Amino acid sequence: MKVIGKNGIASTRAASSSALSRRASVWNSLNRGDRVNVTLHGFEYHSGSVDDRTDDGQTIWVIDRLGERRLIHIDDETELRIAP
């Protein structure tokens, strides 16, 4: 998984604890209403705003403009970009 945070810094899936910590930090920084784009293998999978997230920041729900809500887990094979 590759995560692009609000500061534009990317973190990728890696064995190092610092990379895992950075990715978790980005996911924990998400708030309800943050706009995100989720891609899977280079293709847009889902786009919308964060509807909710678990307390541990491991899981978020993203709702699009049509009301479709999807669950995204931090360990999924997706890339998360926080929209400006």
Side-chain angles (χ1 to χ4, degrees):
M1 169 180 287
K2 182 177 178 185
V3 177
I4 309 297
K6 292 179 182 178
N7 59 4
I9 297 174
S11 65
T12 57
R13 180 176 291 206
S16 78
S17 62
S18 63
L20 294 173
S21 177
R22 282 191 306 272
R23 186 171 71 238
S25 176
V26 169
W27 278 62
N28 278 315
S29 74
L30 293 171
N31 294 305
R32 183 172 285 187
D34 284 346
R35 303 277 310 153
V36 295
N37 296 314
V38 183
T39 59
L40 180 62
H41 305 294
F43 297 97
E44 187 171 295
Y45 171 73
H46 197 65
S47 178
S49 59
V50 174
D51 187 43
D52 205 358
R53 81 172 164 81
T54 56
D55 290 336
D56 65 4
Q58 300 288 304
T59 305
I60 62 171
W61 287 265
V62 178
I63 191 166
D64 67 13
R65 63 184 178 86
L66 299 175
E68 184 175 346
R69 190 173 188 242
R70 297 213 182 153
L71 180 144
I72 312 293
H73 190 271
I74 197 168
D75 290 333
D76 289 346
E77 293 183 18
T78 57
E79 181 179 323
L80 176 73
R81 291 188 178 266
I82 301 173

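Quick caveat: nothing in here was measured; it's all calculated off a predicted structure.
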Could you tabulate the donor-acceptor pairs under 3.5 Å formed by side-chain atoms of residues 60-68, not counting sequence neighbours?
unit_1, atom_1, unit_2, atom_2, d
Asp64, OD1, Leu66, N, 3.0
Asp64, OD1, Gly67, N, 2.9
Asp64, OD1, Glu68, N, 2.8
Glu68, OE2, Arg70, NE, 2.9
Glu68, OE2, Arg70, NH2, 2.8

Problem - Set of residues satisfying side chain to side chain contact (heavy atoms under 4.5 Å, CB included) with respect to Arg32, sequence neighbours excluded - result: Asp52

Fill in the blank from the handout: All heavy atoms of Glu77 vs all of Leu40, minimum pair found to be O-CD1, 2.8 Å

Problem - Closest approach of Gly33 to Ser49 (non-hydrogen atoms, all atoms of both residues) - result: O-CB, 3.8 Å

Completion exercise
Closest heavy-atom pair, Arg53 versus Leu30, reported as atoms and distance to 0.1 Å, is NE-O, 2.9 Å

Exercise for the section: Considering non-hydrogen atoms only, spot the tightest contact between Asn28 and Asp55 and give its length. Expected result: OD1-O, 4.1 Å

Exercise for the section: Please name all residues satisfying side chain to side chain contact (heavy atoms under 4.5 Å, CB included) with Asp56, sequence neighbours left out, ordered by chain then number. Expected result: Thr54, Gln58

Completion exercise
For Ser47, the side-chain hydrogen bond (donor to acceptor under 3.5 Å, both in side chains) test, sequence neighbours excluded, returns Asn37

Practice task
Report the distance from atom CG of Leu80 to atom CH2 of Trp27, rounding to the nearest 0.5 Å.
Solution key: 5.5 Å

Problem - Shortest non-hydrogen contact between Asn31 and Val50, atoms and distance - result: O-CB, 3.5 Å

Completion exercise
Sorted by chain and number, sequence neighbours left out, side-chain hydrogen bond (donor to acceptor under 3.5 Å, both in side chains) with Arg35 holds for none

